[in-house]
> 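Structure incoming, see below.
We name chains A, B, ... by the order of the sequence lines, and we start the count at 1 in each one.
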Number of protein chains: 2
Amino acid sequence: MRPRRTRVLELAILGHLEESPMHGYELRKRLNSELGAFRAFSYGSLYPCLKEMLRLDLVSGSPQEGAAGWRSRIVYQLTSEGRERLRALLSESTPAATDDECFGVHFTLFGRTRTEVRMRILRGRRHRLLERLDFLRERVARATERGDPYIYELHRHRVESVEREVDWLEDLIKQERRRAENAGVADANISGSAPPLRGDPSATDQQM
Amino acid sequence: MRPRRTRVLELAILGHLEESPMHGYELRKRLNSELGAFRAFSYGSLYPCLKEMLRLDLVSGSPQEGAAGWRSRIVYQLTSEGRERLRALLSESTPAATDDECFGVHFTLFGRTRTEVRMRILRGRRHRLLERLDFLRERVARATERGDPYIYELHRHRVESVEREVDWLEDLIKQERRRAENAGVADANISGSAPPLRGDPSATDQQM
DNA sequence: GTTAGCATGTAAGGAGTTACATGATTTT
DNA sequence: AAAATCATGTAACTCCTTACATGCTAAC
């Protein structure tokens, strides 16, 4: 049997199990409600992945016989190795974390991440989008030459859409920076309660 | 050997070969410059797909010995079956055509599509996005309850981004409608030159 | 003369989905 | 009593990518 384990899914599972132990079915519901719209994980990927993570001692699974004669639903829990792995994945500066998919999962876990990690990921994402913009702008230029109005229109819309995501990221980066300044260096704990976002809509036009 | 053929890639290939015969390498460059940023097809998927399409007589491939001692590059060309297949794929009302990926490919071919087909695809895409909006808005609501500001922020941004795509689509639909009215029923030919888009930026706020 | 680009392909692998099998439990 | 939902799992399949093998030609 081929080892079924992937970066995204593994990260998502570790992140959610850190919050509280859960069985697979529950886990899937949570994942799909938070990740939303893109990538709805199916049992066919979730269960094999959990199994593999069991094998690697990243999680421990205890069959719960509690509720009268269930098909012993298995409640998964992070092991200390799992916790370590989660930390490692979150702090990793792999460019993969700025993928469309992976970025979303990372973002979902921002509530339990240190400011500097959030910062790195936000910047990394912005960088990737700026690269994509370069690419797309060239496409727009080429479409203008070719004279196909639909292809032009498509790329123009994509450029706009990526530009907006960049703006969004820059706002977030600004907020992170302000927060880091206000808090000093002391509060770099991973489990600190997530501070409010979008708190001050007036002061958004100062420079980065 | 497993048959290597997919909807998206097949459609893209047929669409581009209709414009003019090409060899694989060239084809790939074109695909990647027009589809852009998302989905950059690799040779590993392109060549096997072409091979399969050869087997099905959707395309015919003639090795070109012309340019002094080339590794006989194969120029692919649509057969009549291929042309038929392209028509069928373009007119198909499968909901798959409104996928993120597939929609892009269809849009790329709008220059060679009839108005009614464009209309159907645009509407279908809009419908799919509205469904996604419902889903995402529920997520935003739930994130508000839960009180995780990052998850809230993520979904809020996604909602905004989908809303904007809907706006874009509605603009396009309006334009298509105007064009259809101006042209009457007579010009429903597939190879008509693509008319200009975004012609009248003033009249955008009339109702659908 | 070596790098870069043109050109065609194959094998293996990665990351997931769909469809199925199975059964218990709660709701209607 | 039927239907929905909870719950776990497997096998097969999809669709694409990476890495490799091969060799030619043009540019620097």
Side-chain angles (χ1 to χ4, degrees), chain A residues 1-13 21-33 35 38-55 59 61-76 94 96 99-102 104-105, chain B residues 1-13 21-33 35 38-55 59 61-76 95-96 99-102 104-105:
Chain A
M1 197 211 319
R2 176 163 52 89
R4 304 290 227 116
R5 198 171 49 107
T6 61
R7 268 306 172 18
V8 221
L9 191 45
E10 186 187 0
L11 177 62
I13 290 176
M22 256 177 280
H23 55 272
Y25 193 85
E26 173 83 14
L27 191 53
R28 194 219 175 202
K29 277 197 309 185
R30 296 265 194 116
L31 288 180
N32 290 340
S33 90
L35 270 45
F38 312 83
R39 173 178 295 301
F41 291 111
S42 64
Y43 300 121
S45 46
L46 183 59
Y47 283 116
C49 184
L50 279 170
K51 206 175 180 181
E52 175 70 8
M53 289 169 75
L54 262 181
R55 200 180 65 72
V59 299
S62 44
Q64 229 192 10
E65 306 277 5
W70 277 91
R71 182 222 182 109
S72 66
R73 65 185 192 184
I74 302 169
V75 173
Y76 294 95
T94 162
D99 275 350
D100 288 331
E101 314 252 17
C102 221
V105 177
Chain B
M1 199 214 315
R2 176 163 52 89
R4 307 288 228 115
R5 197 170 50 106
T6 62
R7 268 305 170 23
V8 223
L9 191 46
E10 187 187 0
L11 177 62
I13 291 176
M22 254 177 281
H23 55 274
Y25 193 87
E26 173 83 14
L27 191 53
R28 193 215 175 204
K29 276 196 309 185
R30 296 267 193 116
L31 288 181
N32 289 340
S33 90
L35 270 45
F38 312 85
R39 174 178 295 302
F41 292 110
S42 63
Y43 300 122
S45 44
L46 183 60
Y47 283 117
C49 184
L50 279 169
K51 206 175 180 181
E52 175 69 10
M53 289 170 74
L54 261 181
R55 200 180 64 74
V59 299
S62 45
Q64 230 193 11
E65 307 276 7
W70 279 93
R71 182 222 182 109
S72 67
R73 65 186 193 183
I74 302 170
V75 174
Y76 294 95
D99 275 351
D100 288 332
E101 314 252 17
C102 221
V105 176

> Quick one: ring pair (Phe, Tyr, Trp, His ring centres under 6.0 Å) partners of Y43(A), sequence neighbours excluded?
Y25(A), Y47(A)
> Of the options dG9(C), dG16(C), dC16(D), whose atoms approach the side-chain atoms of L9(B) most closely?
dC16(D)
> How sharply is the helix from dG1(C)-dC28(D) to dT28(C)-dA1(D) bent, taking the axes over five pairs at either end and rounding to 10 degrees?
30°
> Counting side-chain heavy atoms from CB outward, which of dT8(C), dT17(C), dC16(D) is closest to S45(A)?
dT17(C)
> Side chain of K51(B), heavy atoms from C-beta onward: which of dG9(D), dG9(C), dT10(C) has the nearest atom to it?
dT10(C)
> When the distance from CG of L46(A) to P of dG9(D) is rounded to whole Å, what number comes out?
10 Å
> Taking CZ from R28(A) and P from dT17(C), how many angstroms apart are they, rounded to a whole number?
8 Å
> Quick one: side chain to side chain contact (heavy atoms under 4.5 Å, CB included) partners of P48(A), sequence neighbours excluded?
R4(A)
> About how many Å separate CG of L50(A) and CD1 of I13(A), when rounded to the nearest 0.5 Å?
4.5 Å
> Between dT8(C) atom C1' and R73(B) atom CZ, what is the distance in whole Å?
12 Å
> Tell me every residue that passes side chain to side chain donor-acceptor pair (under 3.5 Å) with E26(B), counting only those two or more places apart in sequence or in another chain.
R30(B)
> Rounded to whole angstroms, how far apart are OH on Y43(B) and C1' on dC6(C)?
8 Å
> Where the side chain of Y25(B) is defined as all heavy atoms beyond and including C-beta, which of dT10(D), dG5(C), dG9(C) is the nearest nucleotide?
dG5(C)
> Roughly how far, to the nearest 0.5 Å, is the OG1 atom of T6(A) from the CG atom of L11(A)?
9.5 Å
> With sequence neighbours left out, write down each residue that passes salt bridge (charged side-chain N to carboxylate O under 4.0 Å, His left out) with R28(A), or none if nothing qualifies.
none
> Could you tell me the separation between the CG atom of N32(B) and the C1' atom of dG5(C), rounded to a whole number of Å?
16 Å
> Measure the distance from CE on M22(B) to C1' on dC6(C) and round it to the nearest whole Å.
16 Å
> Rounded to whole angstrom units, what separation is found between the NE2 atom of H23(B) and the C1' atom of dA7(C)?
7 Å
> List the residues meeting side chain to side chain contact (heavy atoms under 4.5 Å, CB included) with C102(A), not counting sequence neighbours, and say none if there are none.
V8(A), D99(A), H106(A)
> Under 4.0 Å, counting only non-hydrogen atoms across every strand here, what does G44(B) touch: a base, just sugar-phosphate, or nothing?
base
> Hey, is the side chain of T6(A) poking within less than 4.0 Å of OP1 or OP2 on dG16(C), counting only N and O atoms?
yes
> Using whole Å, what does the distance between atom P of nucleotide dA11(D) and atom OH of Y47(A) come to?
16 Å
